[in-house]
Amino acid sequence: MKKLEAIVKPFKLDDVKEALHGIGIQGLTVIEVKGFGRQKGHTELYRGAEYVVDFLPKVKIELVLEDDMVERAIEAIQQAAFTGRIGDGKIFISTIEEVVRIRTGERGTSAI
């Protein structure tokens with residue numbers, strides 16, 4: 001099993017959700033986050049004063065998948081979140097050793 005964590009622009013959340021649903025992924029977790037990468041924020045003008053916005057709003061999507069679904073999920077996220085502009089986001093993949101469904105006690109892929 002693998003855990004995918006995707007950091008994307010907030011306005012792309014619905015597109016990513018629909019793309020993942022389209023390939024059969026049923027559950028995911030969404031967290032509103034702030035951060036920056038290479039773009040290092042931007043400057044804005046407010047009431048005549050310029051200030052730096054260091055942390056940009058992003059959305060973090062987390063999902064745990066069986067190994068055979070990982071590549072399809074990566075492709076779906078990449079296509080749905082792509083704008084071609086800086087700050088499109090990243091996808092992190094890590095290995096999950098075990099999953100336990102609290103309600104039933106199921107373990108492994110049946111608990112996903």
Side-chain angles (χ1 to χ4, degrees):
M1 292 176 288
K2 302 285 187 207
K3 179 180 181 181
L4 269 64
E5 297 176 78
I7 310 292
V8 301
K9 293 181 176 183
F11 68 89
K12 285 298 197 170
L13 175 59
D14 286 335
D15 294 340
V16 172
K17 183 184 79 166
E18 291 300 319
L20 290 170
H21 183 72
I23 63 168
I25 293 173
Q26 298 174 2
L28 53 89
T29 301
V30 177
I31 306 162
E32 292 181 11
V33 296
K34 292 185 179 193
F36 66 89
R38 290 185 181 157
Q39 77 264 36
K40 295 184 178 59
H42 63 279
T43 58
E44 288 189 5
L45 200 61
Y46 179 72
R47 294 189 178 185
E50 190 175 279
Y51 67 100
V52 177
V53 178
D54 289 337
F55 294 101
L56 301 173
K58 301 285 182 177
V59 175
K60 181 178 181 182
I61 302 164
E62 296 182 350
L63 52 150
V64 176
L65 307 166
E66 295 182 40
D67 290 339
D68 62 341
M69 289 291 292
V70 171
E71 283 305 316
R72 289 175 48 201
I74 290 170
E75 289 174 17
I77 294 168
Q78 278 184 303
Q79 290 174 4
F82 179 81
T83 67
R85 303 176 73 192
I86 195 164
D88 272 355
K90 292 195 172 54
I91 301 171
F92 303 97
I93 301 125
S94 52
T95 302
I96 297 294
E97 290 185 30
E98 184 69 89
V99 176
V100 179
R101 184 184 309 266
I102 294 172
R103 180 176 56 86
T104 62
E106 290 172 280
R107 292 180 171 260
T109 57
S110 63
I112 295 178

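This is a predicted model, so every value here is computed, not measured.
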Handout entry: Counterpart residues, salt bridge (Lys or Arg N to Asp or Glu O under 4.0 Å), relative to D88 (two or more places apart)
Key = K9
Would you name the heavy atoms of [X] and [Y] that are closest together and state the gap between them?
| X | Y | value |
| --- | --- | --- |
| I25 | A73 | CD1-CB, 3.8 Å |
| A80 | A19 | CB-CB, 3.8 Å |
| A6 | I77 | CB-CG2, 4.0 Å |
| S110 | R107 | OG-O, 3.1 Å |
| M1 | E97 | CE-O, 4.1 Å |

State the [atom1]-[atom2] distance between [X] and [Y], to the nearest 0.5 angstrom.
| X | Y | atom1 | atom2 | value |
| --- | --- | --- | --- | --- |
| E5 | I91 | CD | CD1 | 11.5 Å |
| K90 | I93 | NZ | CD1 | 13.0 Å |
| E75 | Q78 | CD | CD | 7.5 Å |
| Q26 | H21 | CD | NE2 | 8.5 Å |

Practice task
Mind checking side chain to side chain contact (heavy atoms under 4.5 Å, CB included) for E71 and listing every partner two or more places apart, or none if nothing turns up?
Solution key: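 With sequence neighbours excluded, E71 shows a side chain to side chain contact (heavy atoms under 4.5 Å, CB included) to I74, given in chain and number order.
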Residue pair [X] / [Y], side-chain heavy-atom distance below 4.5 Å:
| X | Y | answer |
| --- | --- | --- |
| K2 | T95 | yes |
| F92 | I7 | yes |
| L65 | I112 | no |

Is there a path of hydrophobic side-chain contacts, each under 4.5 Å between heavy atoms of I, L, V, M, F, W or Y residues, that connects [X] with [Y]?
| X | Y | value |
| --- | --- | --- |
| I61 | V70 | yes |
| V64 | V16 | no |
| L4 | L13 | yes |
| L63 | I23 | yes |

Handout entry: E98 (side chain) donor-acceptor with G108 (main chain) under 3.5 angstrom
Key =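 It does hold such a pair.
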